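This report concerns only the one structure given below.
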There are 2 protein chains.
Amino acid sequence: MSQMQSVEKQLRQMILGLEIGPGEKLTERWIESRFGASRTPVRAALLRLETEGLVGRDGRGWTVSPINLAELEQIAVYREAVEVAALHLTCALTDRSAVDVIEAMLDSCDTDTPREEWHRIGMDFHIELARLSGNEFLFRAVRDAMTRLSRARWLEVRDEAALARAWAEHRAILAAARLGDADEAARLLSVHIVGSRDRLVTSLANDRRGLRARGFAVIAA
Amino acid sequence: MSQMQSVEKQLRQMILGLEIGPGEKLTERWIESRFGASRTPVRAALLRLETEGLVGRDGRGWTVSPINLAELEQIAVYREAVEVAALHLTCALTDRSAVDVIEAMLDSCDTDTPREEWHRIGMDFHIELARLSGNEFLFRAVRDAMTRLSRARWLEVRDEAALARAWAEHRAILAAARLGDADEAARLLSVHIVGSRDRLVTSLANDRRGLRARGFAVIAA
DNA sequence: GATGCCACTTTGGTATCCCAAAACGGTATC
DNA sequence: GATACCGTTTTGGGATACCAAAGTGGCATC
């Protein structure tokens, strides 16, 4: 793997894993020494992460994107549009057996499963469901949206009740999709996305003080 | 403006204007000498254009993305999802007077207007309409989708009848939006997008031979 | 004439150097 | 103690040097 890909991957992982806090300043030289690469691949990685919305410009320098509650709300609307469209396509397929694979993903989580797994699979559910549509653009849109939501979702995953609820909703969506009931599946998906957004924004707004205390920049809605 | 932005802008313009043909090979050294910049800004520009889908990797090197009919069809589905969602938001606004500005854009085109203007305004109609929604993600999705469609649309703009039809459909969409009739506006928009896609793919499939003769790579649906 | 092979060239990936501008820090001044 | 000023350091943007690998062309061979 090229250095550029390596730096990009590791830096993304650190940002998404909150090892580098939202709002934190980044310098190309720090990344360079941290990962043992020269500035050329570092700059390439930063340019990519910028288009993903994970880092941004702060004047002349670089900053890890803050958690932005207004942005989270807009992403939910965006997700609703693209995920519902993808789900309609999937329900129109004659062979919808692939939903079983996604159901198996959900099943693989139990009480012994670490938080990181719940977090990842909660996102992959939506991403893989979108992939089934066969539309590359809808798929990428969902994947990119989930990436942007990833950091904020670390909070939701700490709430057992919210997690159980999300999994139940995921299963209901799959059940409707398996039957080919596009309208019902889409309705359930919309409710799920809007509900998740509300719970997420509410708990973030409540925890805002705590997040700030951890040095995380949080921008209000 | 930085060299990077300058190179990116000029290269994008050359690609979108078909001055560099779809499928053509690019070397960093050629771009470097063509625009009088060093490889650093050239590289940054290529990385950006790659995320826009205008250039891609061909093994180790760079290639101007070919015209891909299958991709055009998928983009239409994606556009339909995001543009309809944006239009619903716009129709829900209490102040929809901004649609008049968009109508004025359409009015500015007459028989004396050069093809380039029709082409640009035909895209801006959709982009600006999405911007009215106030949702940054829907807006960017539409803008990026139109960018990807831009090159293929050069063909449609040569067809007077198609142009007149598109403009009439644009006006009908605005009329429904002005009244706040979201469902009717969305229906008209869907019909417009699907119809445009069909006409575009059909004429591209027909002209495929001619395009190939001009050295343009065209990938079938 | 077709084909395999080798030397040379070109190319993207990387490291490093230079520069102007911005950020920082210390000091003198009020 | 606050503040304005100036020299130093740091930083991102750009240019260039170097390298390994892929590509190219010509020559020898069959």
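The shown structure was predicted, so the numbers you read here are calculated from the model rather than taken from an experiment. Residue numbers start from 1 in every chain, and the chains themselves are labelled A, B, ... in the order their sequence lines are given, proteins ahead of strands.
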Quick one: [X] [atom1] to [N] [atom2], roughly how many Å, whole number?
{"X": "Arg29(B)", "N": "dT9(C)", "atom1": "CZ", "atom2": "P", "value": "15 Å"}
{"X": "Lys25(B)", "N": "dT24(D)", "atom1": "NZ", "atom2": "P", "value": "9 Å"}
{"X": "Asp58(A)", "N": "dA23(C)", "atom1": "CG", "atom2": "C1'", "value": "12 Å"}
{"X": "Phe35(A)", "N": "dT14(C)", "atom1": "CZ", "atom2": "P", "value": "15 Å"}
{"X": "Trp30(B)", "N": "dT11(C)", "atom1": "CH2", "atom2": "P", "value": "13 Å"}
{"X": "Gln3(A)", "N": "dT16(C)", "atom1": "CD", "atom2": "C1'", "value": "14 Å"}
{"X": "Glu32(A)", "N": "dG12(D)", "atom1": "CD", "atom2": "C1'", "value": "12 Å"}
{"X": "Arg39(A)", "N": "dT16(D)", "atom1": "CZ", "atom2": "C1'", "value": "14 Å"}

Below 4.0 angstrom from OP1 or OP2 of dG13(C), is there any side-chain N or O of Arg43(B)? yes
Quick one: is dG13(D) close enough that its OP1 or OP2 comes under 4.0 Å of any side-chain N or O from Gln5(B)? no
Let's see if you can work this out: which of [options] has an atom nearest to the side-chain heavy atoms of [X]?
{"X": "Trp62(B)", "options": "dG12(D), dT14(C), dG12(C)", "value": "dG12(C)"}
{"X": "Arg60(A)", "options": "dT11(D), dT14(C), dA15(D)", "value": "dT11(D)"}
{"X": "Pro41(B)", "options": "dC18(C), dA15(D), dT11(C)", "value": "dA15(D)"}

For Asn135(B) and Ser133(B), test the side chains for any donor-to-acceptor distance below 3.5 angstrom and give the result as yes or no.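 No donor-acceptor contact under 3.5 Å links the two side chains.
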Within the structure shown, what part of the strands sits under 4.0 Å from [X] by heavy-atom distance: base, sugar-phosphate, or nothing?
{"X": "Leu46(A)", "answer": "nothing"}
{"X": "Thr40(A)", "answer": "base"}
{"X": "Ala37(A)", "answer": "sugar-phosphate"}

Residue that, paired with His126(A), satisfies side-chain hydrogen bond (donor to acceptor under 3.5 Å, both in side chains) out of Arg131(A), His192(A), Arg143(A):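 Considering Arg131(A), His192(A), Arg143(A), a side-chain hydrogen bond (donor to acceptor under 3.5 Å, both in side chains) with His126(A) is found only for His192(A).
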Nearest heavy atoms of Cys91(B) and Ala177(B), plus distance in Å: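 Taking every non-hydrogen atom into account, SG-CA, 3.8 Å.
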With side chains defined as the heavy atoms from C-beta onward, is the minimum distance between Asp144(B) and Glu52(B) less than 4.5 Å?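 A side-chain contact under 4.5 Å is absent here.
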Look at atom CZ of Arg158(A) and say whether more than 12 heavy atoms of other residues, nucleotides or ligands are closer to it than 6.0 Å. no
